[in-house]
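Input: a single structure, listed below in structure tokens.
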Amino acid sequence: MPGFVNAHSHAFQRALRGRAEGGDFWEWRNLMLELAASQTPATVRTSYEETYRELRAAGYTAVGEFHYLGLGEARAAVEAARAAGVKIVLLLAAYARGGLERFRQPSPADYLRQLEALGEDGIDVAAAPHSVRACPPDWLTEIGRYAERELLPLHVHADEQPREIEECLAEHGVRPIELLARAGCLSERTTVVHATHASDEELDLLADAGARVCVCPTTEANLGDGFAPVERICERGIGVCVGSDSNVRIDPLEELRELEGIARRAAGRRNILSAERLLCYGADEGAGALGIDAWDDVAVDLEHRSLRGHADVFAALVFGCSAEVLSSE
């Protein structure tokens, strides 16, 4: 079957798996920033290949790496993915403010020059204004116009945390996805990462634009982000893809199963999303989000004890298996 597509990854954050420090997302973010500050092209080349080999072994054969560590580290990430046999699209983050100095570019023009330099090296890239926290409206507008002109995917974090929404309302008078719409960043090539606390009006904007949402259930659970509004997203016909994000867990079936689990717990009933629909989210929708049309297949071991004897293989795969039944070698 088609390999799974990991539409949102921060591979260096794999090193934080299992660490319990930090009382909330913002305290965890401080730990993440400390880790980010220590990264070099050499450490990225080594650790990312290890993480990408884990992705490949778990059935992910393509990844969107949301990258904000620098150009040298970006090229090292691409080398690592190629060595691991994982197709990579580099989601180069635009950063005007906040974070670490190494994340930031002096201007949107400087950011776009970096993006173009990577593309000229034969690297598949996408525009990625990090968030409305990191990119003010003029940056969003210029990057959105560029992505539209060049037909590039555009990925952006939005509505992951209530504080993010409160700060956006205080600064701009609108919520994050509303600001993205105002700045011209919503189109059929846009993927909004998380949308955990999106309002109905914001989801309507995504539906009207034909944009997607990338949900990262294991990371959102680990960080205490909240529950993605899965049923409200799906009832609007918004495309959904998944990402391992912080890579606290690497298992596409776990991500997909949790999507349905969130929807069931919120609705109080079963069978909100079919196994076939979830598998589409795990592969085709992720590929659409990254703008790719070819990626490796994955094999399913039908003789594995978790699948043996089941007539409905797809349902058993999604709702009863871990990645150990998959092989992409």
Side-chain angles (χ1 to χ4, degrees), residues 3-14 16-17 25 28-29 32 36 48 51-52 54-55 58-69 74 77-78 81 86-95 103 124-131 134 147 152-161 164 176-177 180 185 189-196 198 206 211-223 225-226 228 230 233 238-256 258-259 262 278 281-292 295:
F4 293 95
V5 178
N6 186 349
H8 189 75
S9 167
H10 301 287
F12 78 94
Q13 294 177 15
R14 178 70 170 149
L16 294 174
R17 65 192 182 281
F25 168 87
W28 173 89
R29 183 173 179 269
M32 181 273 290
Y48 278 41
T51 298
Y52 292 150
E54 287 190 78
L55 293 181
Y60 288 117
T61 60
V63 64
E65 182 62 35
F66 202 105
H67 181 85
Y68 40 68
L69 299 176
V78 172
V86 174
K87 185 176 184 64
I88 186 170
V89 177
L90 197 77
L91 313 174
L92 184 70
Y95 235 107
F103 297 175
D124 291 330
V125 297
H130 178 274
S131 58
L152 286 179
L154 186 151
H155 288 230
V156 57
H157 300 93
D159 284 346
E160 181 177 7
Q161 284 285 320
E164 164 202 348
I177 292 173
L180 293 171
C185 283
R189 286 180 293 277
T190 299
T191 298
V192 169
V193 183
H194 301 304
T196 311
L206 295 181
R212 289 180 175 84
V213 171
C214 181
V215 185
C216 308
T218 60
T219 288
E220 290 155 5
N222 184 55
L223 298 182
D225 287 344
V230 176
I233 290 170
I238 298 169
V240 176
C241 52
V242 295
S244 64
D245 196 355
S246 67
N247 293 291
V248 64
R249 292 281 298 142
I250 295 178
D251 187 329
L253 298 175
E254 188 172 343
E255 305 290 354
L256 297 174
E258 184 59 15
L259 278 180
I262 290 168
L278 289 166
Y281 289 170
D284 293 347
E285 286 288 351
L290 298 181
I292 61 175
W295 66 102

query = side-chain contact (heavy atoms from CB on, under 4.5 Å) between V192 and L206: does it pass, once the steps are laid out?
reply = CA-CA 9 Å; V192 169; L206 295 181; 3.7 Å; yes

query = Donor-acceptor pair, D225 side chain versus Q161 backbone, under 3.5 Å?
reply = no

inquiry  = Is there a side-chain contact between H155 and T191 in this structure, where contact means two heavy atoms from C-beta onward sitting under 4.5 Å apart?
reply    = yes

key: Exam field: side chain R17 to backbone R14, donor-acceptor pair closer than 3.5 Å   = yes

task = Could you tell me which non-hydrogen atom of Y52 sits nearest to which non-hydrogen atom of A77, and how far apart they are?
result = CE1-O, 3.5 Å

query = Would a distance-only check, ignoring hydrogens and angles, find a side-chain to backbone donor-acceptor pair under 3.5 Å from E164 to D159?
reply = yes

ask   = Do F103 and H130 make the cut of ring centroids closer than 6.0 angstrom?
value = no

ask   = Distance-only, no hydrogens or angles: does the T190 side chain make a donor-acceptor pair with backbone N or O of C185 under 3.5 Å?
value = yes

key: Within-4.5 Å side-chain heavy-atom neighbours: T51 and Y48   = no

task = Could you tell me whether the side chains of H8 and H157 share a donor-acceptor contact shorter than 3.5 Å?
result = yes

task = Take W28 and L16 through the side-chain contact (heavy atoms from CB on, under 4.5 Å) test and state the conclusion after the steps.
result = CA-CA 9 Å; W28 173 89; L16 294 174; 3.8 Å; yes

message = As a quick check of understanding, evaluate side-chain contact (heavy atoms from CB on, under 4.5 Å) for L91 and L290, giving each step before the final call.
response = CA-CA 9 Å; L91 313 174; L290 298 181; 4.1 Å; yes

query = For E258, which residues count as a salt bridge (charged side-chain N to carboxylate O under 4.0 Å, His left out) partner, sequence neighbours excluded?
reply = R265

ask   = Minimum heavy-atom separation for T61 to G3, with atom names?
value = OG1-CA, 3.5 Å

query = With no hydrogens and no angle check, do the side chains of E160 and T196 hold a donor and an acceptor under 3.5 Å apart?
reply = no

query = Heavy atoms, side chains only, cut-off 4.5 Å: are L180 and V156 in contact?
reply = yes

inquiry  = What I want to check is whether the side chains of E255 and T218 have a donor and an acceptor closer together than 3.5 Å.
reply    = yes

Passing candidate, side chain to side chain contact (heavy atoms under 4.5 Å, CB included) with Y60, options L55, V86, V5, D251 = L55

query = What are the two closest heavy atoms between H194 and D245, and how far apart are they?
reply = CE1-OD2, 3.1 Å

key: Within-4.5 Å side-chain heavy-atom neighbours: K87 and D124   = yes

key: Taking every non-hydrogen atom, the tightest pair across A127 and P129   = C-CD, 3.9 Å

inquiry  = To the closest 0.5 Å, what do you measure between OG1 (T219) and CZ (R249)?
reply    = 11.0 Å

query = Step by step, would you call V125 with L92 a side-chain contact (heavy atoms from CB on, under 4.5 Å)?
reply = CA-CA 7 Å; V125 297; L92 184 70; 5.9 Å; no

query = Is there a donor-acceptor pair under 3.5 Å between the side chain of S246 and the backbone N or O of Q13?
reply = no

inquiry  = Rounded to the nearest 0.5 Å, what separates atom CG in L256 from atom CZ in F4?
reply    = 6.0 Å

message = Looking at every non-hydrogen atom in both residues, tell me the closest pair between A228 and E220 and how far apart they are.
response = CB-OE1, 4.5 Å

